[in-house]
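Single-structure report; data block below.
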Amino acid sequence: MNYWLIKSEPFKYSWEQFKKDKKTFWDGVRNYAARNNLRDMKKGDLAFFYHSNEGVEIVGIAKVVKEHYQDPTTDETAWFAVDFAPYKDLKKPVSLEAIKKEPSLEKMDLVRLSRLSVGKVTQAEFDKICLMGETTI
DNA sequence: GCCAACGTTGGC
DNA sequence: GCCAACGTTGGC
């Protein structure tokens, strides 16, 4: 089991919309580091859903329901899409500010590589954020 | 709206 | 294969 973090601007695609849709596919990634993370996701893996620009906080947890396949928005075979379903709301959203204040989380991809749209999350980081979000899996 | 960080591109 | 220029992302 691996853990991830996916970013979305709520303006484009929010957690609320995601819950309504019940399922979405993550496409349009055009960055090799993010692409590699998509490629490494396995069915059943969990990913934090992060709102960038507005909110700037982790609002929920999504689950990988379909592993990577050819990104339907391009003919280039280099790019992948992954399907997610909503898994759980965070009882309390965890803000970037709170994450930055927490020494055990300062090495997160989210903090170090702020521009990366799909980042890795370690087991320890995952547990810690669930705790901060008052959410149990 | 500004700016820092970083990835990508292209000239040499 | 280096590196400057440029574009994009995202926090503030």
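A note on names: the letters A, B, ... follow the listed sequences, proteins ahead of strands, and every chain is numbered from 1. Hydrogens, waters and symmetry mates are skipped; everything else that's a heavy atom, side chains included, is used.
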Next on the checklist: Side chains of Asp45(A) and Trp4(A): any donor to acceptor distance under 3.5 Å?
Outcome noted: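 Indeed, the side chains of Trp4(A) and Asp45(A) share at least one donor-acceptor pair under 3.5 Å.
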Next on the checklist: Please tell me whether Arg30(A) and Thr73(A) have a donor and an acceptor in their side chains that are separated by less than 3.5 angstrom.
Outcome noted: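 Yes, Thr73(A) and Arg30(A) have a side-chain donor paired with an acceptor closer than 3.5 Å.
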Checklist entry - Looking for any heavy atom pair under 4.0 Å, which part of the strands does Arg30(A) touch: base, sugar-phosphate only, or nothing? => result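 Answer is nothing: Arg30(A) stays at 4.0 Å or more from every strand.
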Checklist entry - What parts of residues 96-106 of chain A reach DNA chain C, counting only heavy atoms under 4.0 Å away? => result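 Contacting residues: Leu96(A), Lys100(A).
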Item to check | Gap between atom NE2 of His68(A) and atom CG of Asp40(A) - 0.5 Å precision | outcome: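 It comes to 8.0 Å.
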Checklist entry - In Å and rounded to the nearest 0.5 Å, what is the CD to OG distance from Glu125(A) to Ser104(A)? => result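 If I round to the nearest 0.5 Å, the distance is 8.0 Å.
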Checklist entry - Are the side chains of Leu90(A) and Val59(A) in touch, meaning some heavy atoms are under 4.5 Å apart? => result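 Side-chain contact under 4.5 Å: no.
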Item to check | Parallel, tilted or perpendicular: ring planes of Trp26(A) versus Tyr13(A), cut at 30 and 60 degrees | outcome: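 Trp26(A) vs Tyr13(A) ring planes: perpendicular.
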Item to check | Where chain A begins and ends its contact with DNA chain C, read 5' to 3' at 4.0 Å from heavy atoms | outcome: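 Nucleotide range with atoms under 4.0 Å of chain A: dG7(C) to dC12(C).
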Checklist entry - Is the count of non-hydrogen atoms from other residues, nucleotides or ligands lying under 6.0 Å from Tyr32(A) atom OH greater than 12? => result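 Open: at most 12 neighbouring heavy atoms sit under 6.0 Å from OH of Tyr32(A).
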Next on the checklist: Looking at Lys23(A), I want to see if its NZ is surrounded by more than 12 non-hydrogen atoms of other residues, nucleotides or ligands under 6.0 Å.
Outcome noted: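 Atom NZ in Lys23(A) is not crowded, with 12 or fewer foreign heavy atoms closer than 6.0 Å.
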